[in-house]
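Beneath this line is the structure, given in structure tokens, with notes to follow.
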Amino acid sequence: YAITARSRRREREYFGGKTVLVTGAGRGLGLALSLRLISLGAKVVGVVRPGPAMDALRGQLLDARLERSFMLATADVSKPDALLTSLGESGVEREQIDVAIINAGVKEESALPDMMKVLRRVFDVNVFGAMETASALLPAFQRRGQGHLIFISSQGRWHGMPASGSYNASKAALSLLVESLAMDLGESGRRSVRITGVEPGLIRTGMVAKGTLQDRLAVDADEAASRILRCAAANRGICRFPPLFTLMTMVLAMLPQRL
């Protein structure tokens, strides 16, 4: 209990009063992260794609009187400069952002003959969109000598899966880019900018079908959000959870494809 209370206090001390940008904030893990951040005293700039879902979320925020602590910005993060344009239109300067949680992601089944179309769409968001977001904010972080980039990857990066090649490959690419970015910042003497790579197991969002084995192995989005923010507040470079799923993933990754 004492360890849990201490980690919660550290979480509140770290995020309280900060402005946190969250991409993919309209639903699932992104929404859970945003609401938890608000409960910790942070101000959230949630980046969502325009459409009916965004309009519904805006209405919910108004009903809950959260519009001042949860600002919405609309952008397709895979498009160059779209994030900075959206922030400017929303009256937010990138210098105001203290932490960025780069969470936007898509998952589509990929199989021939349409694999290339899916592959490009998934990489556009999961890899290029993530790095576009980081590239937009990193210069301001470096000028200030502080800032925190938190990248949401997946334990799917460690192995292939049927019909999930595009998604798993995109997360493998993202994780390796994050690891390399942390090294580059360290070598350039800019390691005051924190980097956290998050590789969760299965999370109960729209990507996991209810009632399946995957659903039974998954954790709720609220629990995942709590684990992620505790890891980030503790300045951990890598965050993997839950423990049993992580162990299963590592064992699977080491097994030969054919016995």
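Hydrogens, waters and symmetry mates play no part in the numbers below; they use all other heavy atoms, side chains included.
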Exam field: side chain S166 to backbone V122, donor-acceptor pair closer than 3.5 Å: no
Donor + acceptor pair across side chains of T249, Q155 (<3.5 Å): yes
Distance, nearest 0.5 Å, that separates CG of L174 from NZ of K171: 5.5 Å
S34 side, atom OG; R36 side, atom CZ - distance, nearest 0.5 Å: 13.0 Å
Side-chain touch R49/T74, heavy atoms, less than 4.5 angstrom: no
Pair E132, S78: side-chain N/O donor-acceptor within cut-off below 3.5 Å: no
Distance, nearest 0.5 Å, that separates CG of N168 from NZ of K107: 6.5 Å
Polar side-chain atom of S175 near backbone of A172 as donor-acceptor pair, under 3.5 Å: no
Sequence-distant partners of F128, ring-ring contact (aromatic ring centres under 6.0 Å, His included), two or more places apart: none
Greater than 12 external heavy atoms within 6.0 Å of R10's CZ: yes
Cluster overlap L176 with L185, hydrophobic side-chain contacts below 4.5 Å: no
Test item: N103 and F151 side chains (from C-beta on) under 4.5 Å apart, heavy atoms: no
Distance, nearest 0.5 Å, that separates CG of L37 from CD1 of I228: 10.0 Å
Single-linkage hydrophobic cluster W158~V178, side-chain heavy atoms < 4.5 angstrom: no
Check: S154 side chain, G156 main-chain N or O, donor-acceptor pair, under 3.5 Å: yes
Where at least one partner belongs to residues 9-61, residue pairs that pass ring-ring contact (aromatic ring centres under 6.0 Å, His included), sequence neighbours excluded: Y14-H148
Close side-chain approach of V193 to Q146, heavy-atom, < 4.5 Å: no
Atom pair CZ (F245) and CZ (R240), whose distance is rounded to the nearest 0.5 Å: 13.0 Å
Test item: S164 side-chain N/O and G160 main-chain N/O as donor-acceptor pair under 3.5 Å: no
Cluster overlap I238 with I195, hydrophobic side-chain contacts below 4.5 Å: no
Considering all heavy atoms, the nearest S153-E199 contact: CB-CG, 4.1 Å
V219 side chain near L202 side chain, heavy-atom distance below 4.5 Å: no
Which atom of V47 lies closest to which atom of A75, heavy atoms considered: CG1-CB, 4.0 Å
Steps toward salt bridge (Lys or Arg N to Asp or Glu O under 4.0 Å) verdict (E179, R157): CA-CA 13 Å; E179 292 169 15; R157 67 158 289 195; 2.9 Å; yes
Derivation and outcome, side-chain contact (heavy atoms from CB on, under 4.5 Å), residues M71 and E67: CA-CA 6 Å; M71 178 185 297; E67 67 275 11; over 6 Å; no
Side-chain heavy atoms of V45 within contact of V22, under 4.5 Å: no
CZ-CG distance between R8 and L40, expressed to the nearest 0.5 angstrom: 10.5 Å
Throw together a table of side-chain donor-acceptor distances under 3.5 angstrom for residues 94-102, partners on residues two or more places apart or in other chains.
| residue | atom | partner | partner atom | Å |
| --- | --- | --- | --- | --- |
| R94 | NH1 | A136 | O | 2.8 |
| E95 | OE2 | R143 | NH2 | 3.0 |
| Q96 | OE1 | E93 | N | 2.7 |
| D98 | OD2 | T19 | N | 2.8 |

Pairwise side-chain contact, V118 with F123, heavy-atom cut-off 4.5 Å (strictly under): no
Residue pair F241 / C239: nearest heavy atoms and the distance that separates them: CD2-SG, 3.9 Å
L35 and D222, any side-chain heavy atoms less than 4.5 Å apart: no
K18, NZ: over 12 other non-hydrogen atoms inside 6.0 angstrom: yes
C231 side chain reached by R236 side chain, heavy atoms, under 4.5 Å: yes
